[in-house]
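Take a look at the structure set out below.
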Amino acid sequence: QKEVEQDPGPLSVPEGAIVSLNCTYSNSAFQYFMWYRQYSRKGPELLMYTYSSGNKEDGRFTAQVDKSSKYISLFIRDSQPSDSATYLCAMSANSGYALNFGKGTSLLVTP
Amino acid sequence: GAVVSQHPSRVICKSGTSVKIECRSLDFQATTMFWYRQFPKQSLMLMATSNEGSKATYEQGVEKDKFLINHASLTLSTLTVTSAHPEDSSFYICSARGQKLNTEAFFGQGTRLTVV
């Protein structure tokens with residue numbers, strides 16, 4: 001079993017929809033959780049960073065972490081065609097460690 | 001966020017030759033740099049972790065003599081793919097983390113390597 005599981009999609013939604021992206025993980029030691037956006041042939045761009053359980057909101061993006069269920073989510077409100085990209089979840093047990101990535105979910109927002 | 005510059009963005013080389021990829025942190029000192037490889041429709045796979053001034057730590061299955069990593073300064077790390085073969089063709093991405101940036105790791109733009 002991989003440490004981080006993420007449905008690769010593709011996920012297609014109409015413009016304006018609320019998008020829900022999710023990851024599950026098996027390592028209970030993970031404490032730092034991140035979401036990255038990656039456009040084709042580009043490096044990942046950090047969207048959200050969360051420590052431990054809870055919610056964090058930044059503009060149209062909300063990140064949720066449920067450590068009891070080992071489940072994290074990213075919500076995108078009022079989705080735009082420019083949000084079309086691959087979204088990667090990443091996590092680590094310690095701030096000094098490298099990140100463990102999910103496979104990424106490919107999102108397409110249609111006008 | 002902090003800026004990490006990776007160069008070149010794309011390179012095509014002949015089988016058997018070596019290729020060097022540079023990763024620079026432009027506005028912070030990167031005490032730790034990570035090198036990842038990403039195959040199409042796959043996740044980023046960590047290849048090695050390098051701390052400035054010390055030898056890189058390679059992940060299991062990554063040949064240290066083939067993928068040479070140098071992190072001689074706080075703003076520059078290089079990955080050299082030696083005697084490249086077609087199966088080394090991939091997307092290579094570096095990320096950098098500084099002492100004051102906690103766990104946030106900022107990524108370079110990636111390098112698309114094609115070995116022909």
Side-chain angles (χ1 to χ4, degrees), chain A residues 1-11 21 23-25 27 29-52 56 58-59 61 63 65 85-108, chain B residues 1-11 21 23-25 30-52 56-60 62 69 90-114:
Chain A
Q1 180 189 9
K2 295 191 72 173
E3 282 198 303
V4 182
E5 298 281 358
Q6 184 177 10
D7 187 339
L11 178 62
L21 304 166
C23 287
T24 59
Y25 61 95
N27 189 342
F30 288 149
Q31 298 188 82
Y32 298 89
F33 304 92
M34 280 136 280
W35 284 95
Y36 288 86
R37 177 173 61 195
Q38 186 178 25
Y39 293 109
S40 181
R41 300 174 185 265
K42 300 291 184 183
E45 171 194 8
L46 180 66
L47 285 176
M48 300 288 283
Y49 157 56
T50 311
Y51 170 70
S52 194
K56 186 172 185 178
D58 184 1
F61 299 92
V65 174
T86 296
Y87 290 80
L88 297 150
C89 63
M91 49 198 80
S92 68
N94 188 294
S95 62
Y97 291 176
L99 299 174
N100 296 273
F101 282 89
K103 268 192 174 182
T105 299
S106 176
L107 171 67
L108 177 64
Chain B
V3 178
V4 175
S5 176
Q6 187 173 341
H7 178 81
S9 59
R10 185 186 304 180
V11 59
I21 302 170
C23 182
R24 293 180 184 273
S25 57
T31 52
T32 307
M33 284 191 174
F34 306 94
W35 286 95
Y36 294 85
R37 182 166 52 184
Q38 186 179 33
F39 292 105
K41 299 189 184 298
Q42 297 296 316
S43 185
L44 281 75
M45 298 301 296
L46 180 67
M47 298 176 66
T49 302
S50 72
N51 292 295
E52 184 265 339
T57 302
Y58 289 82
E59 295 300 298
Q60 191 173 9
V62 178
I69 292 173
S90 187
F91 193 56
Y92 293 85
I93 310 174
C94 70
S95 74
R97 188 180 64 83
Q99 285 183 328
K100 294 183 179 180
L101 294 177
N102 198 4
T103 192
E104 292 186 31
F106 296 92
F107 285 82
Q109 305 95 316
T111 298
R112 170 90 40 202
L113 170 63
T114 303

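Naming: A, B, ... by sequence-line order, numbering from 1 per chain. All values below come from the heavy atoms of this structure, side chains included, with hydrogens, waters and symmetry mates left out. On a predicted model such as this, the values are computed, not experimentally measured, just so you know.
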How far apart are the closest heavy atoms of B:Phe91 and A:Gln38, and which atoms are they?
-> CE2-NE2, 3.8 Å
Excluding sequence neighbours, so at least two apart, what forms salt bridge (charged side-chain N to carboxylate O under 4.0 Å, His left out) with A:Glu45?
-> A:Arg37
To the nearest 0.5 angstrom, please state how far the CD atom of B:Gln38 sits from the CG atom of A:Leu88.
-> 6.5 Å
Partners passing salt bridge (charged side-chain N to carboxylate O under 4.0 Å, His left out) against B:Arg37 (at least two apart in sequence or in another chain) | none
Can you tell which part of B:Gln6 gets under 4.5 Å to a heavy atom of chain A, answering side chain, backbone, both or neither?
-> neither
A:Pro44 portion near chain B, given a 4.5 angstrom heavy-atom threshold | both
Is there side-chain contact between B:Tyr36 and A:Leu99, with heavy atoms separated by less than 4.5 Å?
-> yes
Side chain, backbone, both or neither: which part of B:Ile93 has a heavy atom under 4.5 Å from chain A?
-> side chain
